Every structure is written in structure tokens, then in C-alpha cells.
Number of protein chains: 6
Amino acid sequence: MTPSINATIQETTQQLLQLHRSGDDRPLHGLKDQVIRLIGLLRSAMYPQIFTSERYAGPWTGTQIGSYLQQAALLLSDMIRAVTGQESVEAVASFFEALPQVAEILETDIQAAYDGDPAARSTAEIMLAYPAFEAISIFRLAHCLYELQVPLIPRMMTEYAHQTTGVDIHPGASIGPWFFIDHGTGVVVGETCTIGEHVKLYQGVTLGAKSFKADENGNPIKGIKRHPDIGNHVVVYAGATILGGDTVIGDNCVIGGNVWLTDSVPAGSTIYNQPTAVGPVEP
Amino acid sequence: MTPSINATIQETTQQLLQLHRSGDDRPLHGLKDQVIRLIGLLRSAMYPQIFTSERYAGPWTGTQIGSYLQQAALLLSDMIRAVTGQESVEAVASFFEALPQVAEILETDIQAAYDGDPAARSTAEIMLAYPAFEAISIFRLAHCLYELQVPLIPRMMTEYAHQTTGVDIHPGASIGPWFFIDHGTGVVVGETCTIGEHVKLYQGVTLGAKSFKADENGNPIKGIKRHPDIGNHVVVYAGATILGGDTVIGDNCVIGGNVWLTDSVPAGSTIYNQPTAVGPVEP
Amino acid sequence: MTPSINATIQETTQQLLQLHRSGDDRPLHGLKDQVIRLIGLLRSAMYPQIFTSERYAGPWTGTQIGSYLQQAALLLSDMIRAVTGQESVEAVASFFEALPQVAEILETDIQAAYDGDPAARSTAEIMLAYPAFEAISIFRLAHCLYELQVPLIPRMMTEYAHQTTGVDIHPGASIGPWFFIDHGTGVVVGETCTIGEHVKLYQGVTLGAKSFKADENGNPIKGIKRHPDIGNHVVVYAGATILGGDTVIGDNCVIGGNVWLTDSVPAGSTIYNQPTAVGPVEP
Amino acid sequence: MTPSINATIQETTQQLLQLHRSGDDRPLHGLKDQVIRLIGLLRSAMYPQIFTSERYAGPWTGTQIGSYLQQAALLLSDMIRAVTGQESVEAVASFFEALPQVAEILETDIQAAYDGDPAARSTAEIMLAYPAFEAISIFRLAHCLYELQVPLIPRMMTEYAHQTTGVDIHPGASIGPWFFIDHGTGVVVGETCTIGEHVKLYQGVTLGAKSFKADENGNPIKGIKRHPDIGNHVVVYAGATILGGDTVIGDNCVIGGNVWLTDSVPAGSTIYNQPTAVGPVEP
Amino acid sequence: MTPSINATIQETTQQLLQLHRSGDDRPLHGLKDQVIRLIGLLRSAMYPQIFTSERYAGPWTGTQIGSYLQQAALLLSDMIRAVTGQESVEAVASFFEALPQVAEILETDIQAAYDGDPAARSTAEIMLAYPAFEAISIFRLAHCLYELQVPLIPRMMTEYAHQTTGVDIHPGASIGPWFFIDHGTGVVVGETCTIGEHVKLYQGVTLGAKSFKADENGNPIKGIKRHPDIGNHVVVYAGATILGGDTVIGDNCVIGGNVWLTDSVPAGSTIYNQPTAVGPVEP
Amino acid sequence: MTPSINATIQETTQQLLQLHRSGDDRPLHGLKDQVIRLIGLLRSAMYPQIFTSERYAGPWTGTQIGSYLQQAALLLSDMIRAVTGQESVEAVASFFEALPQVAEILETDIQAAYDGDPAARSTAEIMLAYPAFEAISIFRLAHCLYELQVPLIPRMMTEYAHQTTGVDIHPGASIGPWFFIDHGTGVVVGETCTIGEHVKLYQGVTLGAKSFKADENGNPIKGIKRHPDIGNHVVVYAGATILGGDTVIGDNCVIGGNVWLTDSVPAGSTIYNQPTAVGPVEP
């Protein structure tokens, strides 16, 4: 009896071995787990009072932060070596130099969440129970690596945030301070999107591309501006869709729920759908 | 070579140390993991045949349930102490007294899922493969703690459910028995929402607030009714949005997909969008 | 003091014990964790260069693949025994015989993602950072078990993918090669849906059922065709909803964002919503 | 290349499969790990201030002790079922009834260690850093199960103590209170040995059997008294060997280092080796 | 305050970095853990009914054994590559070819333990609760690798057995079938020792070297015969010491407790110490 | 049925609760595991090429060492706080200042093992497969903390080494460089022992106390010299016992196997037992 199962497995092994692509010769083993550990170490270093399982107060806090940073540096060096095949002392150093600035901007995001939600009772609650902080803190770390031209890892970081929050921000997007996303599920922010200060998005908002420009061979042209620019103090309500690289939403605009926008809107505008007629129609 | 990396890390450590907020002196270390363990222990106690990795039948089932409850009680006492700085014998006792009622209401929710989905083949399948059960079981446990005025932890519990299901129910919402949510991704149910018996929601439904009332200083006023009331035997199809604290959906209503509602609807109504004209328009 | 807590727990234990349903006598302990381990082992066998934490090159790759397959076979045999109460040598053998075909189709899906997204830089990136691959690879494995009439497990597999990606594909759906889903959050694909080759869906797309047909007793009739058929080379943009078992979308159609469709569309059509009037209306 | 390795493994698998003894049909999987977990749970229940990784003071200590005891009861029931094939409600209940007495005797052992070693500074040190406590606490628990005629498990428990301390006490031995073993490595105490109160052993002491009595077929006769009786207030120094079921060491004896005894000694005796002549002899 | 601790650590880091030996450039990271995992996998393959935590009966046993063997092969290939810097397909293949013979000899050892100890009640007890089986099974596996001239790993395997049993057998020793060691703590068997069939050792027995022969420079000469030869059917009681490469113990000898031997003994001899005079002498 | 088990457990809980000693109010939870982790971190910092599971070469080695040291500092600060109830910045700093010296002395011990054993093939083998290195490296770290008057922890460290090697060295002993212990099981070295340079011990050697001096009340007097002094270049063979605080073994002595010494020996002596008469005496 067993022989038949074992023979099947043997046969399947041989077939999978032939499908195995020899070109994929850079070892990326375990990169998914490493991404999660890296995010954990960086947040532990920035917020030891929240994200660590052990407490070290008084004279030891600095040692604890340093320990997390060193572990993160070693891990990141491993990951970049796996992805690029090269050492990365400068990239890692630059990333850690930028980290305090990331932490400072995140303070504004935490404050924006606290100010923007009547239900929020403390900044600790923002960090522990708001998908906005989860998504934005990971995005800002990933964006920092994206700017240093580290491949693959920034995308994996924001995709991890996408998994845990339903918020899909491309690490290439530029986003100002005091950024808040409420509820968040289904939000999409594209790679060439820019977002100003004090912007608030609700669940299901898409800041995306129109149909891609194709070259003569029908392949999408890479590296061109495809996503909209959002000004300062803009609110975009749930389910709204704003598309296109030429689309500019001016400062202080309010975009209503489910609005579909492919053209620019001047500063100070308030845009809502007309109520659609409702009645007893079969679906 | 190394010195430069180590010097960078040392410098970053000092800068993060200065950003470290001294006011955050309540230790919340590891609270995220504790929330997940608490949910696991409570569901193991309520459904040992499903949610445990070891089986204990016959005379041992009671011992097994008791063991999970005791572990959950210790863990919850730790968590409340971390969050409030105080002992919580009464709150924990009240929570465990209420647990059998939670289990009874969840039986109605399981039955509602089984009755409402042609694809469901057993109640075990509901518990193992339906986001509705994941989201609603966690909500009902969290709501119980919310009613006992335990801070932060209920929100963290429902946010965990939000992460795993995409369903974002505030623990303050009041929801009757026989509640079902199909598919679920993107559902939002606000803090002051009330929902009757035998209600069914589809993915992407929002039961939310209109724009917040602000006080004289422009800060949102807290603690006021902001979200709608949904009657008994109501169905809300995918993507529908119902907003406002004064909005009441009467019993036996059917709200169609993508409908946008900011006004009340009398009992027995069926509300659908008029079909929008369709044609070959560029996006 | 303690006695009161312990007495409460004792009392709650007895009440939960009475609620405990004696009918649920098939042990399903730990099935959720087993589903996750099974998916991990199968992907490790198909893509050892990506999904394993240790590398084995040259003469050892075959041994490594074989090892993962054997572990997966043992685990699957356990799971099927738990779910059906019976041995399953043939089902397991058939599943492993089909695995190379699954791997071949997944190559087309990886290629479709790479071709369809200007931001993709390598096929490794597709496998590591795209929810499409996560959702589709799990769906194709689950569909294979669904076809072998293994109960419960396929649904748990796709529900796991739903949790990590927000993409909810029923394992019963039939989906051709070169399938791609961009962003994905909120996508729903129903059990009796068929999808052709080279189809691309965006986030929030629903391929669902109209209201269920009920029998004389008001119960939904099971096993009938309820979801639409999608042809080859079709693109469906974000938030579009296509409903009904009679609804057929012909080859080469483009369905625009937020479009609501309950009727068939001939091949080659491009369907968009008329822009809704926009203006300064209060929400 | 790989085929040859895989073929070898395949061949070895078949050969091991044939060696696999069909008679061993009681599943003992994981019993070694369970023994370690059982010991851990029991000591956590008896000494929560020392052997647990989380602290629960005040009103919660009782809940914590109860939780460990319930987990231990479930685990022990599993283990006895694996070993005997039968339920064991009474044996488990009897064991737990006896546990407080075990704890009381262990208090005398802790006190004996504290009194007997000039280096001991606290009773906590005895529990944390003395092999005597490790070996004796496990022995007393195992002896309790041995008396209840639970097979195999008591031996595995004392063999675990043997591994961690080098002290090999058979669970069948009878040992009075205030028992202490210093250093301990190499101590052997046989199954039918009896030891009085206030006895102290040093490393390398053997309380063993002379050559076994054999029956007509040359097989050792089982179940007969084979090991010595040690009175009260006896000290046995390092490396001493006392053999035989008829050998009785009276109260208040002192047995010197490396002494070899196969005969009884009256109460109050002090027995030492004559110093062996020493000098420059080649080994 | 913190700076001083961090400065100290920084300083210590630099000093340790300078002590770090550049010559140790073969990565041996984690080899200790790998040794333990290898032993676990091999015993799981040989005795799945005892040493695994999951059971697979009937048609699956072969798949389970094969799975453990493949994992062991991959692990061993890693370990040999770490130790030698070279691939090892042949050594691994030869080792697995020899494995069934190892299993067969171990059956004789298990039987010898069962026959030799009046307290043993089943062969499962031998495998689960006897240090003899722990030490001898690891020795026989290690000896097999020693014969294949794999460096370092065999010594680490027997040293692991030494840790868990106190029995220190060099992997180079040659030991016949039906070998048994009772209690075992303190047993030492040297590298060039040979032991016949049906030999039984008690705790504290040394089969060692006299003082080493040195070359002209005072360095010990390597690779010469240094340890005794033990014939068939020999019993050596506790604490006996037998030294020297020329020392031969003939068949059917009995060597008494604490005997010190540096000369050969003819077959059939029974050697005991004369009782030393005993009396009230101060230590 | 269950009630009886649960009632028993409830009753046992109450009884254990009463036995629970209220005086033990310093929380020592988890100290045993922390000791093991501390030893692991310190050895990883000193020998990253051997004792870590990940490798970091070139510019990263310093970061890796620093990371282990910082983690060790945090852990040690926790442990000292648990044991003494006080902060310990100075003790921790002093310990880390001394660490490079410990590493330097250990180099001599490694060399002594390599020189002293004909079987040793590399210094890596010494570190990976010799109980001498395990025991001595832990002793030297523990002795360093003992000198800083840290209570309890040093004893727990050497007791851990005792468990894994059978070598029981009190952390208070003073031991010079080039120290080697062969095989090691059963070695005991007392608290007030001093050992010179280039000393070699074999298994079963005791450097212990004669009977303790007692005060007027019969309690052993603490803090007096109780154990022997061993000179430079001394070899002590297996099983030898040297006792007493006044006993001095001069430089360059050789003490033979099983010798029992309670008096001093002048430098350059070689001391062996006279061979005991052997013959066919019944045991």
C-alpha cells in the first residue's frame, strides 16, 4: 500500500524538480519572516514602552534601544545581501541616521489620529489599536529604504502592512506629516502619488492610475507619473476613487464618499455625489 | 569600518532616547500578544472540540474547560492591571459570569450563518472557515469587557478581528442575536450603532457617522450618538453606506448594494440604486 | 477573595460544559494550524528557493523537495482523517499527482502579474510581495482538493488566503491560467463562478450571486449555478459588481470601476458608469 | 546524482520498516517530553514563586496554583492512558490528594539542605541551585505514582532527574523526611532500599544489590528485597558502597568515603577505610 | 548614567573583537543544536512509535520513516559541509546504507538490558527510561560516522550522550552486540578500546589509558593503541578501573567493584578487592 | 464524574495555598531559564563563530558582539534586581569590564585541553565537544560575578554546568590559567579551594572538606577555609579524594587514581595507592 504513495511522491518530486527554475539563484529563503522581524525590532527600538515584552526603565532604556537597533542592523544587512548580493554598510548606516526623523514624523501621525477620532482616549491606544498607525509606521520605514534604492524589501514591508490592515500604500509614495487613515480596509495609494500635510483618508479610498500608457510593443511604460497629487488639509471619504498622474486635488478639499474623480479639483472644493434615485428595484 | 556603523547606531540610540516620551509610564509591554492569547483561551474554553490542539473527552472535558478559564482569568487580570494600574477582581469575575450568555448568543450567530449560506455544510465549518464567526465571536467577548468599562483591551480585541477578517466592529456597538456577515471585508460598524435581531450584512457595508459635531474650539464632541440604528430582520447588501446617529432603518428592510443612505427608512422598505447608465466612456 | 473568583470560574465551567454540544464528536482540534502548515509545506516544495528558511542546492534539492512532500502527505492524511473519519490514501495520491500541473499553471499566473504591473521588477517579487500570488496559489491548491471532494479543508485554505489578502475566492470556482488580481482587498469570487484565461481583476470586485432561490420551505436551494461566467482577456476594474448565474461577460470585455452588472455583456464590450454629477452637497 | 541519495534513503526506509516491531502497538509518542512538562507543572503549582515565569500575587495565587494543577491532571491522564490503555480518574485523583503531603515532606528536605551545607544562604537557593532538591523533589513525586502502581512514568521521572543531576534513585525506594544529598553525581539508590529520617548522602554513594538471585532457568528472580536498609541520622560519605537486601545500617552511623560494605553495621558505628599505603608506585 | 554602561559595553566589544581569532573561518554556527536535531531525527526514523510526537500507522508508517530520513540526510549534509568545507554525497549515502545494521545491533542491546535488569518490564521502558539505551544508541550512530572519517560530529554526538547520561564513550571504540551499562554515571570508554559481545558495565567503570607515551618533544604520540580489550561475556562492577593498551580481559571474566587493573586477566577469572579493614578512624 | 476530580484539585489547591510561604516575597520567576540565556549570550559574544546560529563576518562582527553584550547586560540587570531588589549599574559595568580578561584566560584553558588530549584535533573541537570547556568557561564567568558579591546567580551558573557536565565547581574557588579536566563526571571542587596554573584533573576527583567545624550550638561555622590548595603543574588522576582546608599539594605533584588524601604533600611528589590484593572473593 505505502509504496504507491511513496512512488507518487517520488514521481511528483522529479516533476517539481524539473519545473524548478535554475535562474532563481539568489537565495531568498526566509525573507518573509525576516521582514516581520525587522519591523518588530525597529518598532521596539522606537517605542520600547509599547512593543517589547520586557521592560527596562531608568538607566537601561538606552541599552535596550541600542540592542534593538544593533539586531536590526545585522538583520537588515543580511536581507540586503540576500536581495542584492552585495554588502551594504552605507545603506544601513544611512537608514539608521534617518530613523530619528521617521520617529518624529510618526509623532505627528499619532497626534493626527488622536485629534481626528472622537473615540481615541490615549496615544497608547493609537499605537496599539489603530490600523492607521500600523500601516503608516511601516510605510514610513519602508519609504526610507525605498529612497535608499534598496530593492524588494520596501515592497515586502508595505505588503505586510497590507496584510494586517487592508491598507495598500506603495513605498514609493510621498506622504507629508499629520497623516491619518480611518478604518482603512481597501485603501490603495499608488507609487507616484504625493500627499500633503494634515490629510485624512477613510476606508476604501483609491488614489490610483488610469489605464497604463503602453509603448510601441504594447508593454506598459515604466517610471512615469501615474497617480494623483493630494494637497494639504484634504479629507477623502470612504470609497472615493481618484485616478491619474495629472489629477491634482488642491488644498483644503473635501471629497465625498464613493466619488469617482479623474480630473483635478481646485483648492477649497467640496465634492459629493448627487444622491442616486432609490426605490424598490430588484437587484 | 565597523566603528562607523556602531557610531551611527550609538548616535541614533541617543536621539531616540530623547524622543522617548517620559509620560508613557504605564508598562504596556506585550499587550498585543496577550490580546491574541486571551482570545485563544476564551474560545478554547467555549469550543474545546474545535480550538484546542489536544483532545480531552468524557470525564476530563470539565477539567479542560476549567483550565482554560483559569489561565484566561490570570491573563486578563494581568492585562487590566497593565492598562488601569489597579486590581480587577470584580471586573474579571463579572466577565466570567457573563461568559455562558455570550456562548449562548454565539450559538444563534452560528445558526444564522448556517441558515443563511447555501454553501455551509456543518456548524463546524462555520466556526473554522467563516470570517463572520471570527469577527462576531471576538466582538461579543470584547463588548462584554466594554460594558464592564475595561479600557483599551476591548478595542484591541476588535482591532485584532479587523486584522484577520477585514470587519471593523467597534466594541461599543449593540448587536442582537442571529447576526451574520457574509464575506465581510470592509464592513465598518460604529461605536454607537445598534443592530436588532436576525440582521445580515454583506462585504463593504458601512454603518458610520456623518461629519462630527465640533465644540466651540473645533474639537469633536465626544460621547454623543453618531451611528445609525438597524431594526430586526434587515439585510444590507455589499457596499451600502448608512450614516448618522438619527438614521433609523426599520424592521424587515432590504438595503441594496452600494446604496448611500443618510436618512431613516420605514419598516418593510426595499431600497436599491437606480441602475446607472452604462456605456463606452473612458475612465 | 480568591475563593470568589475560583467559585465563579467553577460555575462558568459547569455552564459551558452543559452548552458543550455532544454531537460534535469528530475531533477537529488544531485544524486551523494544520491548514497553515499544509500550505507552507506545499509552497516550500514548489518554491524551495523562496519559501524555506534553509537552502539546499545541487544534489540535495530533490531530497529537500521530497522531504516537504512527504511531510505534507502525512499532514494531509491526518487532516482528512479528522474531517471524514476515514483513511484517504487515494485522495492524497491523486492530489500529489496533480501538484505539478498546479505548479505549471501558477507559472502563468506569476507571468501575468509580472506583465500586468509596471512596478514589478522580478518574478521573485511577485511571489514575495503580491497578494495576487498569495491568494491564487492557495486557491489553486484548494481547488484541487475541492475537485477530489475533500470536505471543509479547501474552504479553510481559501479562508486563510482571505485573511491574509482580503481576497475571498471560493475553492469551487473554475479559473483559467494567466489570472491576476491587483491590490485585491475586498474581491469576492463565488463558488459556481467560471473565469477564462488572461483575466485581470482589481480590488473590491464582486463576482457574486443575486438573491438566493428558495424552496417551498423558504430554505435556499443548494447546488445550483448562482455566479457569473467571465470570458477570456477580460479586465474588471475596482469596485465593480457582477451578479447572477445567468450573467455572461464575453471575451475581451472591459468592465469599469464601480459598475453594477446583473445582465450579460457581449464580447468586446467596454462598460463604464456615466460620471455622476458632483457638487457641494452635504453628506 | 540526487537519485542515488534518494534511492538509498528509499531502500533504508524499506529496511527500517521491516525491522519495525508490530507488537509495540501502544502509542508512546512524545512521552519523554510529557514527563518533563508534568514535572514542570507540578513544581510550578507547589512553588509558583520560584518555578513560573509569570507572577500572580494576592488574590490570584490560588487561581494560578489551580490552573497548573488542572493542566497537570489533564496531562497525567493522557500519559496514563498512553501507558496503560485505560482511563485513570481514580489514580489521578489519589495522586492529587497526596500532593500536599509531598509538599510538606519536601519542606523538611529543603530545611535539611539548608542546615547541612555551610554555603547555603536561603531556601530559595536550595530550590534553584541544589541538585539535591532537583533529584529529591522529582523522586518524591515519582514515588507517589509508583505507589499508585502507575507503570513506566515513575521510572521515566526519576531517570529525568538522573539526567539532570547524576543522582539515580529508583522510584520504588522508601525515603524518610529530612533527606539530603550533597553534590550527588553518581549516587545510586536501588528499588527495595529503605532510608530513615535525617539521612545525608554524598556524591558517588551506591545503595545497591549484590549479584542477583537466579531461578532454575538462570533468569533473575523479580520482586525480592535486594537493597539495604539505612537507619535514621546516618551519614554516608563520598564513594561509599553498601550492598545487599540483608544489609542494615543502624541509626546514627557514619560511613566513610569509599567504604565497601556488604554486611550490617550496628547503630552508632563509625566506619572508615584504613588509609591505604601511598608512595611512588607507577599506575 | 546609561552612557557609562554603554561606553563599557562598547569598550568590551572592541577588546573581544581583537581577541576574535581570524583563523577560525569555518562557520560552525549552531552545530551543537544540529547535533541534537540529527540524533532526534535518526531515532524518530528507527523508532517512530516511541520518539515522535505524532503517530502514523498502517500505510503511512513508511512515509513517516522516509520523511525523517530525508530531513536527517539534508541536515547531515549541512553539518558535514560546515565541518569539512566539502560536499559529502557519498559519506551521507554510506551512512544511510549502514543504518539498518545499526538498528539491528541496537535490538540486541535492548534485549540485553531487558534480560539483565530484574526491574525492566518492557522493551519500551528500556528505550524510554534507561541511560544505557540513550548512551549506546547515540554511540553506535556516532561510531558509524567515525568509521566514515567524518570529523568532529561523532565526538559531539557522544559528548551529547555524555551530558545526558554521564556515560562517556569515545566514538572510536569498537563494541560488540548485547552491550549493557547499568546506571552508567561516570563510565568512561576510551578511543582505542575494544569490547566483545554480551558485556555488562556498571556505573563509574573506566576503560582508560595509562599515562601517555610522549615523543622527543614531550608531546603525546597520537594514533597508538592506548585502551584495553574486553572479551565476551564480561561483567565489570561499579567503580572498577582498567587501564592500558596492552591490558586484555579474557572472556567470561567478572571484575569486582572498585578494582584497579593495569594488567591482563585470563579468561574465566573473577577479580575482587580484598575487603579493606574498617574501623573508627577519623576521616 | 468530573466533579470529583475537580473537587480534588480544588481541595489540593487550597492546601498548597496554605503551605505557600508568605516570606518568599522576592519574585524569582524564571531565574533558571535566565541563567541559561545569560550563559548563551556571553559565550555568543566571546565566540560568535561557534555559539551563534547566524554568521556576521567582516564589518558586522563588532555589531554582532555588541548586540549580544547589550542583551546580556539587560538580562543580567534584570536578574540582579530580582535577586537583590536593587539596581546594579556598577556591578554590571564591572562584570563587562572584566569580560576580556575572562576571555584571555579561557584561551589558555582551550590550549591546555588541546595540548593535554591526544585525541583533540582542533580548538573548535575543544569548544564544541569537551565538557572541560563547558564547565570551566561557565565557572570563570560565575567566579567573576561571585567576586562582585552578586548572590545566588553564580551558584546557579555553576550548578547549570554541573548538570550538563557532571563537574561541580563552586564559583568561589580560585583557579589559575591552563586548567583542564578530562571526562569530568563526578569532579567536585569546593568553595575555598585554590588551584594553581597548569593543573589537570580527571573524572571523579574530589577537592573537598573534612567534617565541618561546628559552633557551640552544633551549627556549621560559615566562612572558614575548608578545602585544599593545589599547586602548579599538578595532575590528579581519576577518583582521587583530597580533603581539608589545611591540606596543601605542592607544585609538580602527581596524585594517583582513587588516592585518599587528608594531609599535605610536598612539591614534586608522586602518590599512588598500593595495589590492593585481588582474588576470587565473592562480593
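Remember, it's a predicted structure, so these values are computed and weren't measured experimentally. A note on names: the letters A, B, ... follow the listed sequences, proteins ahead of strands, and every chain is numbered from 1. All values below come from the heavy atoms of this structure, side chains included, with hydrogens, waters and symmetry mates left out.
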Legend entry - Close side-chain approach of F/Gln70 to E/Asn6, heavy-atom, < 4.5 Å: yes
Inset, instruction - Check whether any side-chain heavy atom of F/Asn273 sits under 4.5 Å from a side-chain heavy atom of E/Trp260, and report yes or no. - result: no
Legend entry - Residues in side chain to side chain donor-acceptor pair (under 3.5 Å) contact with F/Glu87, at least two apart in sequence or another chain: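 In terms of side chain to side chain donor-acceptor pair (under 3.5 Å), with neighbours along the sequence ignored, F/Glu87 is linked to A/Trp60, F/Arg81.
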Inset, instruction - Heavy atoms only, distances under 4.5 angstrom: which of E/Thr13, E/Val35, E/Leu152 has the most pairs with chain F? Name it, please. - result: E/Thr13
Inset, instruction - Just give me the residue among E/Glu11, E/His162, E/His170 that pairs up with chain F most often, heavy atom to heavy atom, under 4.5 Å. - result: E/His162
Inset, instruction - Would you mind telling me which of F/Glu134, F/Glu125, F/His183 has the largest number of heavy-atom pairs within less than 4.5 Å of chain E? - result: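 Of F/Glu134, F/Glu125, F/His183, F/His183 has the most heavy-atom pairs under 4.5 Å with chain E.
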Inset, instruction - Determine the option with the most heavy-atom pairs under 4.5 angstrom with chain E, choosing from F/Ala45, F/Ser44, F/Ala103, F/Pro131. - result: F/Pro131
Legend entry - Part of F/Ala93 within contact of chain E (heavy atom distance under 4.5 Å):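 For F/Ala93, backbone and side chain are both near chain E.
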Inset, instruction - Kindly determine whether F/Gln203 and E/Thr206 satisfy side chain to side chain donor-acceptor pair (under 3.5 Å), including the steps that lead there. - result: CA-CA 9 Å; F/Gln203 70 270 23; E/Thr206 296; 3.1 Å; yes
Legend entry - Donor-acceptor contact present, side-chain E/Thr12 to main-chain F/Phe96, <3.5 Å: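 Present.
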Inset, instruction - Output the distance between atom CD1 (F/Ile126) and atom CZ (E/Arg155), rounded to the nearest 0.5 Å. - result: 8.5 Å
Legend entry - Point-to-point distance, once rounded to the nearest 0.5 Å, from CG of E/Leu17 to OG1 of F/Thr61: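 It comes to 6.5 Å.
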